[in-house]
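This report concerns only the one structure given below.
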2 protein chains.
Amino acid sequence: MAIPRAAQTQRRTRIQEEKQERILEAALDVFSARGFRGSTLDQIAEAAGMSKPNLLYYFRTKEAIHRQLIDRVLFTWLDPLKAFDADGRPESEIRSYIRRKLEMSRDFPRESRLFANEILQGAPHIEDELKGPLKELVDEKAEVIRAWARSGKIAKCDPYHLIFSIWSTTQHYADFDVQVRAVLGQNLSGEGRFEDAARFLEELFMRGLAIPKT
Amino acid sequence: MAIPRAAQTQRRTRIQEEKQERILEAALDVFSARGFRGSTLDQIAEAAGMSKPNLLYYFRTKEAIHRQLIDRVLFTWLDPLKAFDADGRPESEIRSYIRRKLEMSRDFPRESRLFANEILQGAPHIEDELKGPLKELVDEKAEVIRAWARSGKIAKCDPYHLIFSIWSTTQHYADFDVQVRAVLGQNLSGEGRFEDAARFLEELFMRGLAIPKT
DNA sequence: CGATAATTTGACCGATTGGTAAAACATGGC
DNA sequence: GCCATGTTTTACCAATCGGTCAAATTATCG
């Protein structure tokens, strides 16, 4: 009898964990490139090098795979923002936040696109997480930024839109990679584009937030 | 006999044009919300208030509908950038470009999301348009910006990444609308958020591009 | 009116979808 | 060796997919 359906029991053998990891790896490839609805279990199974029923032995449904991926991404996605330190120097905090987000676009483009796909399509699976943990974290950090502005350490600005602009500019290089490459052309679309982007964005935000010298 | 398949002949009656318009309207709703692969002809047909075979009488395939939508969006999407005037004052040109792009996110969010969906999934249908017309236009305008920087009218910066950052920050409010609303919460997520965004972005870019006073 | 062309629809098709059943296979402890 | 547990595969299913077809319906026009 095959009662236990690996996914249901608490993870046991290392074999199970390895297989589940292989599936998630494959699913990340497929989901991030084609969206949830556009992806098929056959594609994921093939990418994971196993049969479809075997895949469904480790995850009960297509949604279960997607859900677990999204949960992971959401968690690691918030990490750089958490590191935002109220006691640090505003300039270096913002600068390193930009750099870290940009590094994530460079090193984890699939995760970024998975998340973007989800939001684009109305975030049907994670609306609660957005309105809950994400909002709370952003609220907290927005207050930090606002305090910096009040005490004259940076220019007065709307902290929420500042955060949005850092998110959008950095994630752009992962989510719109095809467009970026197409526009920059062959000679400029190498990995150096991330260096250029970092330089540009840091200057833009540093100047944009510097206290105007009176 | 039903020889003429409205889509194949040159458009004739006004009825045909109206029906095709209704289909494109409905398809924009569906495609922008669910992506190409995630959308079904039945959904589009229902949204357009007609049967599926009737829909296929006006467009031969699902792809044909999508293609026409994409072509339209691509065209109107380039419009604000085309208006970028080399002879204008840099400050007002950039400022009004930002404003115009932001207005498009506010007034045509579906079009923005349709485009975003396409790019996110690797732009399988429009790679040529990106590498051709889009790249050429951006190259041209990038040269304008570079000239402004050389002649000291704005700060020195990479013009391509400047354009990318304007694209990403403004389109963010359409493509990631759900997230923006969730983070801002009920009280702040009204239409006023576009005003706030405009104020923030204009200041950010104006300060970020201003010549540092020596 | 009648006739011809344009439009709309119900029934249907093969392919693919997410998912299941059950048997075959592997593995490890005794 | 044995049996029990865990894993994988073959065969299959109902539902849905994009799309076709022929018949029914509606406009158009003399």
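Each chain gets a letter, A, B and so on, in the order its sequence line appears, and its residues count up from 1.
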Under-4.0 Å side-chain N/O to phosphate OP1/OP2 contact, B:Tyr57 with D:dG19 | no
N/O (side chain, B:Asn54) to phosphate O (OP1/OP2, C:dT7) under 4.0 Å =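 Checking C:dT7 against B:Asn54, no side-chain N or O comes under 4.0 Å of OP1 or OP2.
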Find the distance [X]:[atom1] to [N]:[atom2] and express it as a whole number of Å.
X       : N      : atom1 : atom2 : value
B:His66 : D:dC17 : NE2   : C1'   : 17 Å
A:Leu56 : D:dT7  : CG    : C1'   : 14 Å
A:Ile23 : C:dG18 : CD1   : P     : 15 Å
B:Glu18 : C:dT7  : CD    : C1'   : 14 Å
A:Phe31 : C:dG18 : CZ    : C1'   : 11 Å
A:Tyr58 : C:dG19 : OH    : P     : 18 Å
A:Leu41 : D:dA15 : CG    : P     : 18 Å
A:Arg37 : D:dG18 : CZ    : P     : 13 Å

Result for side-chain contact (heavy atoms from CB on, under 4.5 Å) between B:Pro80 and one of B:Arg99, B:Glu103, B:Lys101 points to B:Lys101
Does B:Val73 offer a backbone N or O that forms a donor-acceptor pair with the side chain of B:Glu111 under 3.5 Å?
-> no
Would you mind telling me which residue lines up with the more 5' stretch of DNA chain C, B:Lys19 or A:Phe36, judged by nearest nucleotide?
->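 Result of the comparison: B:Lys19.
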Taking the side chain of B:Gln16 as heavy atoms from C-beta outward, which of D:dG6, C:dA6, D:dG19 is closest to it?
->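 Per side-chain heavy atoms of B:Gln16, the pick is C:dA6.
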Parallel, tilted or perpendicular, as decided by the 30° and 60° cut-offs, for the rings of A:Phe36 and A:His66 |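 A:His66 vs A:Phe36 ring planes: tilted.
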Going by the angle between their ring planes, with limits at 30° and 60°, are A:Phe164 and A:His161 parallel, tilted or perpendicular?
-> perpendicular
By side-chain hydrogen bond (donor to acceptor under 3.5 Å, both in side chains), B:Glu21 pairs with (sequence neighbours left out) B:Arg72
Between residues 42-53 of chain A and DNA chain D, which residues have a heavy-atom gap below 4.0 Å?
-> A:Ser51, A:Pro53
Inter- and intrachain pairs under salt bridge (charged side-chain N to carboxylate O under 4.0 Å, His left out), touching residues 130-139 of chain B, at least two apart =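 Residue pairs with at least one partner in residues 130-139 of chain B: B:Glu127-B:Lys131, B:Lys135-B:Asp139.
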Any side-chain heavy atom of B:Ile163 within less than 4.5 Å of one from B:Phe84?
->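 Answer no - side chains too far apart.
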